[in-house]
Amino acid sequence: MAHIENRSRIQVKVKNRDDLTRHFAHNHAEAAQRYCATLRDQQLKPLVALLDEAYMVRYYVHGKRKGFTANSATEAEAIQKRIEADQYTGLFVDYTQAHQTSFADLLIRYLKEEAPRKKGFAVIGYQINMWLEDAGYERQDLAAIHAAHPNPQDRNLRIPKPTGRRMSHPSEAAAFIKTSFAALGPEDFSEYIDERLQCVEPATVDRELDVFRAVCNAAMSAWRIHVHMDPMSGLERPKYFNERDRRLRDDEEARLMAAAHEEDHLWTERTLGEQLFEEQHSTTKYQRLKARAEARKMVLNEARHVPMFATFIQFQLMTAARRSETLKLKWNQVDLDRQTAFLPETKNGRPRTLPLRADLVALLRELPQTGESVFPIPVDYLRKAWLRMCEAGGIETRGSERLRIHDLRHEAISRVAEAGSQTPGGFSLLDLQAFSGHRDPRMLLRYTHLTPTGLAKRLDAAFSASGLEYGKAVRYHGRMRLTKQAKLPMSELMSAPITTAIDNVVDFKAYRKAAA
């Protein structure tokens with residue numbers, strides 16, 4: 001059974017003397033009595049009242065004492081009746097924890113318990129710290145959280161700044177995370193969405209909502225924090241279309257490679273200078289500058305040149321690998337003789353093997369194999385170097401027309417699709433899927449416009465090989481159908497998913513007349 005405890009404050013006042021009004025906690029009755037005695041000594045008549053503002057409904061769940069806070073006696077009585085009725089029918093659900101836990105508490109718990117298991121831990125951490133800061137909470141130490149987790153996804157993850165770096169505008173609407181989980185509703189998230197859309201792209205807001213969605217799911221499913229209804233149920237997400245089809249144009253590749261050659265001078269000078277400095281076993285700044293000057297002379301005299309960025313760009317264009325996959329590639333995963341590179345872990349969680357063309361193998365042989373990584377380029381350094389190369393090559397660096405590193409992956413897949421269209425056999429979407437590593441073939445639909453010629457040739461070969469003649473294909477209700485006389489196996493049709501016009505197709509009515 002449930003019972004009600006009145007936890008309202010005790011009010012002591014004197015008529016027409018508001019300045020003498022005092023409030024005492026419900027458990028400070030003795031202090032209220034002493035104040036009343038003081039007022040009576042002054043020949044005043046104090047009035048004592050127990051306010052109707054705070055009640056605790058006490059009940060037991062599986063032998064454990066629980067409490068539910070109400071703001072009035074009427075509300076407390078309604079809660080008491082509901083709890084007793086649910087307990088009697090066996091349908092009781094404990095919502096106490098949801099009322100006592102703020103959404104900010106859930107974000108912090110998710111950051112500590114669930115986020116380290118994700119590949120994007122650092123990004124999730126930056127986002128959660130951004131919301132905590134905007135709501136007035138302290139930012140969490142991401143490095144310490146990652147180190148304390150018993151099973152992080154990447155134990156070697158490097159976090160440059162412990163609490164992360166703010167990458168977005170402050171948001172006043174983020175204060176909604178102070179609300180208890182039980183009181184959250186879609187209107188809280190909608191207000192946040194409306195404000196964020198004023199300063200960032202819809203795709204960015206949608207990714208932030210993914211984090212909110214993950215936290216809600218973890219709270220309701222994994223942590224068993226019960227709420228009457230999913231707080232994000234009915235929420236309308238921002239609509240957007242951000243599919244990019246940016247490709248290299250005209251002589252952009254030549255200009256980009258020329259800029260990469262100059263960037264390789266800087267890279268060679270930097271790495272060679274550090275190598276010479278370490279060989280001197282010195283720690284002075286003068287010796288470091290001297291080693292850097294000696295390395296600069298060797299580069300200018302073309303005594304040393306490491307085509308690191310030139311090879312990186314060609315690697316992207318010839319393998320369609322993702323940037324993270326390329327930067328994580330180790331020399332022990334590359335077999336130059338067999339022309340393969342094995343990726344043990346990709347974005348979709350499945351390993352795959354990259355085919356290496358002969359000219360790419362020749363470029364890889366020019367790279368030094370002194371370290372573990374094939375491309376030992378820090379992510380921040382690559383980002384800045386890419387910007388320098390684009391600017392030096394006269395390539396757009398801002399707006400929707402800017403060239404991104406990931407656009408090289410799109411360019412690589414497009415080139416393979418186009419090359420397949422110019423060969424008799426051609427490449428099907430399944431061939432492209434094997435090359436690109438996409439788990440979902442629907443992601444490749446943007447490349448279908450590049451493959452019809454090769455697929456048409458494959459269809460021609462399939463139909464001619466089956467001896468298809470007049471009358472073995474018919475048109476019925478606007479659709480082309482093969483008759484039994486065609487004897488074309490389904491396996492041959494499945495290898496060419498895009499159809500083309502078939503010669504010698506007759507009208508269905510004429511076919512029936514001829515058959516009669």
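Position 1 is the first residue of the sequence, and the numbers go up from there.
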**Where Val306 and Pro368 come nearest, the two heavy atoms and their spacing** = CG1-CD, 3.5 Å
**Request:** Might you confirm whether atom CD of Glu191 has over 12 heavy atoms from other residues, nucleotides or ligands at distances under 6.0 Å?
**Result:** no
**Item:** salt bridge (Lys or Arg N to Asp or Glu O under 4.0 Å) contacts in which one or both residues fall within residues 393-405, not counting sequence neighbours
**Value:** Arg249-Glu401
**Asked** Is the backbone N or O of Gln369 less than 3.5 Å from a side-chain atom of Trp331, with the two atoms forming a donor-acceptor pair by type?
**Response** no
**Prompt:** Would the number of heavy atoms belonging to other residues, nucleotides or ligands and lying under 6.0 Å from CD of Glu201 be above 12?
**Reply:** no
**Smallest separation among heavy atoms of Ala2 and Gln80, with atom names** = O-NE2, 2.7 Å
**Prompt:** For Tyr192, what residues pass the side-chain hydrogen bond (donor to acceptor under 3.5 Å, both in side chains) criterion, not counting sequence neighbours?
**Reply:** Trp131, Arg196, Glu208
**Prompt:** Does some side-chain heavy atom of Phe103 sit less than 4.5 Å from a side-chain heavy atom of Cys216?
**Reply:** yes
**Request:** Looking only at non-hydrogen atoms, find the nearest pair between Ala76 and Tyr55 and report the distance.
**Result:** CB-CB, 3.8 Å
**Message:** Taking atom CZ as the centre, does Arg155 end up with more than 12 heavy-atom neighbours from other residues, nucleotides or ligands that are less than 6.0 angstrom away?
**Reply:** yes
**Request:** Identify the heavy atoms of Pro46 and Leu44 that sit nearest to each other, and give their distance.
**Result:** CD-O, 3.3 Å
**Exam field: side chain His146 to backbone Asp154, donor-acceptor pair closer than 3.5 Å** = yes
**Message:** I'd like to know if the side chain of Ser8 and the backbone of Ala54 have a donor-acceptor N/O pair within less than 3.5 Å.
**Reply:** yes
**Message:** Restricting to side-chain contact (heavy atoms from CB on, under 4.5 Å), what partner residues turn up for Asp19, sequence neighbours left out?
**Reply:** Arg17
**Any residue meeting salt bridge (charged side-chain N to carboxylate O under 4.0 Å, His left out) with Asp206, in chain and number order, not counting sequence neighbours** = Arg237
**Request:** Report the C-alpha distance between Arg117 and Glu114 in whole Å, list the side-chain angles of each, state the deciding distance to 0.1 Å, and finish with yes or no for salt bridge (charged side-chain N to carboxylate O under 4.0 Å, His left out).
**Result:** CA-CA 6 Å; Arg117 296 191 180 97; Glu114 303 296 332; 3.2 Å; yes
**Request:** Answer whether the closest heavy-atom distance between the side chains of Tyr126 and Leu142 falls below 4.5 Å.
**Result:** yes
**Close side-chain approach of Ile193 to Pro238, heavy-atom, < 4.5 Å** = yes
**Whether Asp264 side chain and Met308 backbone form a donor-acceptor pair below 3.5 Å** = yes
**Item:** Sub-4.5 Å side-chain heavy-atom contact between Ile145 and Gln140
**Value:** yes
**Listed partners of Glu195 passing side-chain contact (heavy atoms from CB on, under 4.5 Å), at least two apart** = Ser171, Glu172, Ala173
**Prompt:** Looking at side-chain heavy atoms only, is the closest gap between Thr38 and Gln42 below 4.5 Å?
**Reply:** yes
**Message:** When you compare the side chain of His99 with that of Thr69, does any pair of heavy atoms fall below 4.5 Å?
**Reply:** no
**Request:** Would you give the length of the straight line joining atom CD of Gln316 to atom CD of Glu325, rounded to the nearest 0.5 angstrom?
**Result:** 9.0 Å
**Request:** Give the C-alpha distance, both sets of side-chain angles, the deciding distance and a yes or no for side chain to side chain contact (heavy atoms under 4.5 Å, CB included) between Ile128 and Ile108.
**Result:** CA-CA 8 Å; Ile128 292 179; Ile108 296 174; 5.5 Å; no
**Prompt:** Which residue pairs satisfy the salt bridge (Lys or Arg N to Asp or Glu O under 4.0 Å) criterion with at least one member in residues 21-49, sequence neighbours excluded?
**Reply:** none
**Item:** For Glu5, all residues meeting side-chain contact (heavy atoms from CB on, under 4.5 Å), sequence neighbours excluded
**Value:** His3, Arg7, Met56, Arg58, Arg65
**Request:** Look only at the side chain of Thr319 and the backbone of Leu354, and say whether a donor-acceptor pair between them is shorter than 3.5 Å.
**Result:** no
**Asked** How far does CD of Gln127 sit from CG of Leu107, to the nearest 0.5 angstrom?
**Response** 10.5 Å
**Item:** Nearest-0.5 Å distance that lies between atom CZ in Arg139 and atom CE in Met130
**Value:** 9.0 Å
**Request:** Ignoring hydrogens and angles, tell me if any N or O in the side chain of Arg409 forms a donor-acceptor pair with the backbone of Ser436 under 3.5 Å.
**Result:** yes
**Item:** Whether Asp52 side chain and Ala73 backbone form a donor-acceptor pair below 3.5 Å
**Value:** yes
**Pairwise ring pair (Phe, Tyr, Trp, His ring centres under 6.0 Å) hits with a residue in residues 373-398, at least two apart** = Trp267-Tyr381, Phe312-Phe375, Phe315-Phe375
**Item:** Non-neighbouring partners of Val48 that pass side-chain contact (heavy atoms from CB on, under 4.5 Å), sequence neighbours left out
**Value:** Ile10, Val12, Cys36
**Request:** Test side chain to side chain contact (heavy atoms under 4.5 Å, CB included) on Val334 and Phe342 and set out the steps.
**Result:** CA-CA 6 Å; Val334 178; Phe342 177 68; over 6 Å; no
**Request:** Apply side chain to side chain contact (heavy atoms under 4.5 Å, CB included) to Trp223 and Glu113, showing your working.
**Result:** CA-CA 11 Å; Trp223 305 332; Glu113 298 181 11; 3.4 Å; yes
**Prompt:** Charged N to carboxylate O below 4.0 Å: is that the case for Arg213 and Asp230?
**Reply:** yes
**Request:** Go through the structure and list residues passing salt bridge (charged side-chain N to carboxylate O under 4.0 Å, His left out) with Glu345, not counting sequence neighbours.
**Result:** Lys119
What donor-acceptor contacts under 3.5 angstrom involve side-chain atoms of residues 177-188, with partners at least two apart or in another chain?
from, atom 1, to, atom 2, distance (Å)
Lys178, NZ, Ala135, O, 3.3
Thr179, OG1, Phe176, O, 2.9
Ser180, OG, Ala183, N, 3.4
Asp188, OD2, Gly185, N, 3.0

**Request:** Show your working on side chain to side chain contact (heavy atoms under 4.5 Å, CB included) between Ile395 and Arg255 and close with a plain yes or no.
**Result:** CA-CA 8 Å; Ile395 301 174; Arg255 287 184 278 139; 4.2 Å; yes
**Message:** Around atom NZ of Lys330, are there more than 12 heavy atoms from other residues, nucleotides or ligands closer than 6.0 Å?
**Reply:** yes
**Item:** Which atom of Ala321 lies closest to which atom of Thr326, heavy atoms considered
**Value:** CB-OG1, 3.5 Å
**Asked** If you look at every heavy atom in Arg322 and Thr346, which pair is closest and at what distance?
**Response** NH1-CB, 4.4 Å
**Message:** Under a plain distance cut-off of 3.5 Å, with no hydrogens placed, do Thr21 and Asp18 share a side-chain donor-acceptor pair?
**Reply:** no
**Item:** Test applied, side-chain hydrogen bond (donor to acceptor under 3.5 Å, both in side chains); reference residue, Glu411; option that passes from Arg247, Arg246, His406
**Value:** Arg247
**Prompt:** Between Asp210 and Arg207, is there a side-chain N and carboxylate O pair less than 4.0 Å apart?
**Reply:** no
**Contacts of His28 that satisfy side-chain hydrogen bond (donor to acceptor under 3.5 Å, both in side chains) - sequence neighbours left out** = none
**Message:** Could you check whether any side-chain heavy atom of Phe121 comes within less than 4.5 Å of a side-chain heavy atom of Pro152, counting everything from C-beta outward?
**Reply:** no
**Prompt:** Do Leu327 and Val374 have side chains that get closer than 4.5 Å, going by heavy atoms?
**Reply:** no
**Asked** Just how far is it from atom CG of Leu248 to atom CG of Leu408, taken to the nearest 0.5 Å?
**Response** 6.0 Å
